Amino acid sequence: MQPSLLQGFPSTARPAGPQLARHLPVAKVLVESSLPHLDRLFDYGVPDTLDHAARPGVRVKVKFNGQDLNGFLMERVAESDAGHTLVPLAKVVSPVSVLTPAVRELVSSVAARYAGTLSDVLRVAVPPRVARLEKELAVEPEAQEVPNQAEPGGATSLQAGPAQDALPGAWAAYHSGQAFLHHLAGGGSPRAVLNPLQGFGPGGWPQLLAEAVAAAYAAGRGAVVVVPDYRDLDRLEEALRGLVPEDAVARLTADDGPTPRYRNFLRLLAGTARVAIGTRSAAFAPVRDLGLVACWDDGDDLHIEQRAPYAHAREVLLLRAEQEDAACLLAGHSRSTEAQRLVGAGWARAVEAGRPDVRRTVPRIVNTADSFEQERDPLARIARLPGAAWRAAKEGLERGPVLVQVARAGYAPSLACEMCREPARCGSCQGPLAVAGASGTSAMPQCRWCSTPAPDWHCVHCGGKRLRKGATGVIRTAEELGRAFPGKTVITSSGDQVKAAVGPGKALVVATVGAEPVADGGYAAALLLDGDSLLRRETLRAGEDTVRRWFNAAALVRPAADGGLVVVTAADTAAVGALLRWDPAGYAERELSLRMELQLPPAVRIASVTGPRAAVEHYTAAVAAELASGGITLRTAGPAPVVLSGPPSPRRSAEDVRTLFFFPYGQAAAVTRVLRVTRAAVAAKRSSEPFQLRLDGIDVL
């Protein structure tokens with residue numbers, strides 16, 4: 001043990017402290033600190049005066065290295081192995097036990113999976129305290145849970161029960177759908193991956209998730225549902241009305257503010273609310289008798305926590321389902337490769353609609369790059385708004401709103417070489433060049449990072465000196481469409497002006513990917529522009545993410561029988577084919593098989609180490625040596641210079657490098673343990689500069 005790890009313990013020369021509690025006088029406390037070498041429990045004495053209040057899970061204040069620090073009392077024991085007199089707890093900050101045993105176990109599992117610290121995970125799991133609310137809401141300790149006597153769940157348990165006809169019919173269009181609900185309502189723990197066909201109306205995904213929650217609630221069990229943002233949360237909450245008592249539902253999202261969030265957290269602790277719905281941090285909600293965990297659109301990167309250890313809400317829910325023997329539902333219009341891996345491994349069952357229901361529910365899809373459209377419009381491949389797209393918008397506006405999906409916000413956010421189409425870069429900092437306003441490329445280009453003008457720019461790849469717009473933003477697109485369709489209302493949704501819904505009126509709705517509003521009654525048509533731009537992004541998940549965004553937008557359009565039409569402007573690729581066939585599962589299976597062949601995530605797990613070269617090399621060498629002693633050799637890549645996606649900052653240097661570790665799931669527990677322990681040892685010795693350790697980051701490849 002390093003000497004620095006003992007700084008929280010008192011010296012044996014200290015005078016005798018207060019009288020300690022007679023029963024379990026030692027408190028094991030986790031001090032709030034993100035330092036890896038302090039990620040452990042420290043022993044403190046429990047004064048007799050705090051015996052009643054010092055319960056496991058409460059917030060406490062302790063003396064640590066001469067400072068008053070906050071912490072969590074994790075457990076009480078009879079004896080300490082510290083070998084010296086213990087410092088007493090300074091204070092019990094709150095008598096409310098905010099950490100239930102189940103959540104404490106979950107926090108430990110998440111920290112272990114992502115090689116992070118308990119404090120970092122707790123920062124996400126427990127919302128900030130609002131003291132006055134604790135006086136308003138009396139929270140009693142969680143009652144001893146009675147083990148669920150129902151048949152253990154699993155992928156093979158989706159068998160319909162005798163009361164099948166009594167359940168609602170939104171799931172009836174999906175193979176094994178009602179069987180999933182019956183098993184859930186009977187107290188079982190089935191696992192399913194669902195691909196809803198429609199994103200609006202009574203048969204949309206909010207209704208499907210709400211019925212699953214109602215089935216779990218009817219069985220006397222709780223539920224946790226995580227969605228990407230507040231717009232999805234509002235729709236889910238509306239769908240739950242009438243199926244679950246309103247006072248049984250608690251919203252958990254930082255968008256509501258600290259007071260409503262903490263009030264709902266306390267309601268869940270008290271057991272007065274049994275259903276938690278919210279954004280990513282809601283995955284840790286202290287729901288009693290948990291029967292169902294669900295995640296909507298798990299491929300959305302909003303599910304990834306932006307602070308260390310960067311946990312994904314889907315993975316948190318999967319850990320929780322295993323830990324508490326709860327049912328699990330992953331739902332989305334498309335299917336992530338991670339969800340497909342669960343289906344392929346037999347852990348979850350696919351719940352899909354039959355082809356007749358697909359044809360009856362989804363819109364007609366047209367690709368402007370296919371041979372038929374190319375013959376009718378030879379310029380369709382290079383035009384941003386081909387003839388087929390223009391006709392679809394014109395005819396759609398006669399029946400209702402038309403959605404136009406574009407790749408970027410703003411006006412003309414980036415520039416590229418006109419000859420070779422390579423992105424134009426600043427000669428000073430290598431940042432992207434752009435122009436502001438409506439003046440296009442005739443204005444002086446300047447760097448978006450350092451604002452340096454580039455009057456004499458030339459391409460380092462081909463020597464070209466002429467620039468073109470890399471992609472047209474939503475504002476410019478709205479202006480162009482406004483001129484193309486005079487007299488029609490144009491609505492934009494992007495950036496910090498995202499609209500949740502639009503009416504049924506005849507309007508052009510121009511939105512960036514992910515910001516598409518829901519139209520009352522569905523859109524008459526949708527134009528999916530900039531498809532090639534999305535597919536050409538330099539990321540492993542470019543195709544998968546583009547397909548997800550296309551399906552999410554297309555699901556907002558009316559069925560083909562009602563005139564619904566979707567026009568996609570992209571090269572005829574496997575991604576376009578998946579949309580034309582409305583086959584998200586087939587695309588996910590194809591993508592996963594390619595990743596398995598190449599041994600890339602999610603076929604394997606990945607760890608990235610980013611920072612100064614000396615620190616990265618020192619840490620990776622220590623990890624490799626420790627793993628080799630245990631007979632494990634990892635495939636590595638790097639160290640390689642990091643390509644910054646934004647301007648340099650105190651935490652992101654242009655000289656930073658990155659090393660990648662690839663390891664199979666069978667070795668994941670051993671590898672993550674070594675990554676975590678080695679990081680703590682390096683931090684304790686302070687032998688190198690700080691670096692970032694991140695597991696399963698989707699943006700590193």
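Note that this is a predicted model, so its numbers are computed, not measured. Just so you know, residue 1 is the first one in the sequence shown, and it goes up from there.
Using a 4.0 Å cut-off between charged nitrogen and carboxylate oxygen, Glu75 and Lys28 do not count as a salt-bridge pair. With respect to Asp51 and Arg76, a salt bridge is recorded, a charged nitrogen being found less than 4.0 Å from a carboxylate O. Between Glu246 and Arg251 there is no salt bridge, since no side-chain N of the basic residue sits under 4.0 Å from a carboxylate O of the acidic one. Under the 4.0 Å criterion applied to side-chain N and carboxylate O atoms, Glu544 and Arg548 are not assigned as salt-bridge partners. A salt bridge is defined here as a Lys NZ or Arg NE, NH1 or NH2 lying under 4.0 Å from an Asp or Glu carboxylate O, and Arg113 with Asp696 meets this definition. Residues Asp699 and Arg541 are not paired through a salt bridge, judged by the lack of any N-O separation under 4.0 Å between the basic side chain and the carboxylate.
Of all non-hydrogen atoms in Pro206 and Ala239, the two that sit nearest each other are O-CB, 3.5 Å. In this structure, Ala588 and Arg335 approach most closely via the heavy-atom pair CB-O, 3.4 Å. Closest non-hydrogen pair, Ala285 versus Leu268, comes out as CB-CD1, 4.0 Å. What you find for Val93 and Val60 is that their closest heavy atoms are CG2-C, 3.7 Å. The heavy-atom pair separating Pro517 from Leu556 by the smallest distance is O-CD1, 3.6 Å. Nearest heavy atoms, Pro286 versus Thr100: CB-CG2, 4.0 Å.
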Inset, instruction - Run the numbers on Tyr587 and Leu579 for side-chain contact (heavy atoms from CB on, under 4.5 Å), then give the verdict. - result: CA-CA 9 Å; Tyr587 183 82; Leu579 182 64; over 6 Å; no

Legend entry - Working for side-chain contact (heavy atoms from CB on, under 4.5 Å), residues Ser336 and Arg314: CA-CA 11 Å; Ser336 67; Arg314 175 192 59 238; 4.3 Å; yes

Inset, instruction - Check step by step if side-chain contact (heavy atoms from CB on, under 4.5 Å) holds for Val275 and Val287. - result: CA-CA 7 Å; Val275 176; Val287 174; over 6 Å; no

Legend entry - Test side-chain contact (heavy atoms from CB on, under 4.5 Å) applied to Val293 and Leu329, step by step: CA-CA 6 Å; Val293 296; Leu329 175 62; over 6 Å; no

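Counted by atom type alone, Asn264 and Arg267 present one or more donor-acceptor pairs between their side chains at under 3.5 Å. Between the side chains of Glu315 and Tyr114, not a single donor N or O lies within less than 3.5 Å of an accepting N or O. No hydrogens or angles considered: a donor-acceptor pair under 3.5 Å links the side chains of Trp347 and Glu322.
Between the side chain of Gln323 and the backbone N or O of Leu106, at least one donor-acceptor pair lies under 3.5 Å. No donor-acceptor pair under 3.5 Å is formed between the side chain of Asn195 and the backbone N or O of Glu352. Under a 3.5 Å cut-off, the side chain of Arg261 and the backbone N or O of Thr253 do not form any donor-acceptor pair. Although no hydrogens or angles enter the test, the distance criterion places a donor-acceptor pair under 3.5 Å between the side chain of Asp583 and the main chain of Gly586. A donor-acceptor pair under 3.5 Å is formed between the side chain of Arg55 and the backbone N or O of Pro95. Using modelled atom types, one side-chain atom of Ser97 and one backbone atom of Pro56 make a donor-acceptor pair closer than 3.5 Å. The backbone N or O of Leu99 sits less than 3.5 Å from a side-chain atom of Arg104, completing a donor-acceptor pair. Side-chain N or O atoms of Asp562 include none that pairs as donor or acceptor with a backbone N or O of Gly564 at under 3.5 Å. Within the 3.5 Å criterion, the main-chain N or O of Gly116 finds a donor-acceptor partner in the side chain of Arg676. Using modelled atom types, no side-chain atom of Arg320 and backbone atom of Val224 make a donor-acceptor pair closer than 3.5 Å.
To the nearest 0.5 Å, atoms CD1 (Ile698) and OG1 (Thr337) are separated by 10.0 Å. If you take CD on Gln306 and CD1 on Ile304, they are separated by 7.0 Å, rounding to the nearest 0.5 Å. Rounding to the nearest 0.5 angstrom, the gap separating the CG atom in Leu252 from the OG atom in Ser281 is 6.5 Å. Here the OH atom belonging to Tyr230 is positioned 12.5 Å from the OG1 atom belonging to Thr279, to the nearest 0.5 angstrom. Note that OG of Ser334 is 8.5 Å distant from CG of Asp545, once rounded to the nearest 0.5 Å. Separation of atoms CG (Asp289) and CD (Glu324) is listed at 9.5 Å; rounding is to 0.5 Å.
Contact of the Arg59 side chain with the Val126 side chain is registered, since non-hydrogen atoms from C-beta on lie closer than 4.5 Å. Contact annotation: the side chain of Val351 never approaches that of Val193 to less than 4.5 Å [non-hydrogen atoms, C-beta and beyond]. Looking only at side-chain heavy atoms (C-beta outward), Phe72 and Val98 come within less than 4.5 Å of each other. In this structure, the side chains of Val29 and Leu41 stay at 4.5 Å or more apart for every pair of heavy atoms. Within the 4.5 Å cutoff, side-chain heavy atoms of Pro228 are placed close to those of His303. A heavy-atom distance below 4.5 Å is found between the side chains of Phe284 and Val110. The shortest side-chain heavy-atom distance between Leu266 and Val96 falls under the 4.5 Å cut-off. The shortest distance between side-chain heavy atoms of Val316 and Arg280 does not fall below 4.5 Å.
Residue Leu209 is tested with Leu240, Asp232, Leu236 for a side-chain contact (heavy atoms from CB on, under 4.5 Å); the sole match is Leu236. Applying the side-chain hydrogen bond (donor to acceptor under 3.5 Å, both in side chains) test between Glu516 and each of Arg549, Gln405, Arg231, Lys499 identifies Gln405 as the sole match.
Judged by the 6.0 Å distance and 45° axis criteria, Arg605 is not positioned over the aromatic ring of Phe663. Judged by the 6.0 Å and 45° rule, Arg235 forms no cation-pi pair with Phe200.
Counting only residues at least two apart or on different chains, the salt bridge (charged side-chain N to carboxylate O under 4.0 Å, His left out) pairs with a member in residues 117-127 are Asp120-Arg123.
Ring planes of Trp296 and His333: perpendicular class, angle over 60° (limits at 30 and 60°).
Applying the ring-ring contact (aromatic ring centres under 6.0 Å, His included) test to Phe551 and every residue at least two apart in sequence or in another chain returns Trp582.
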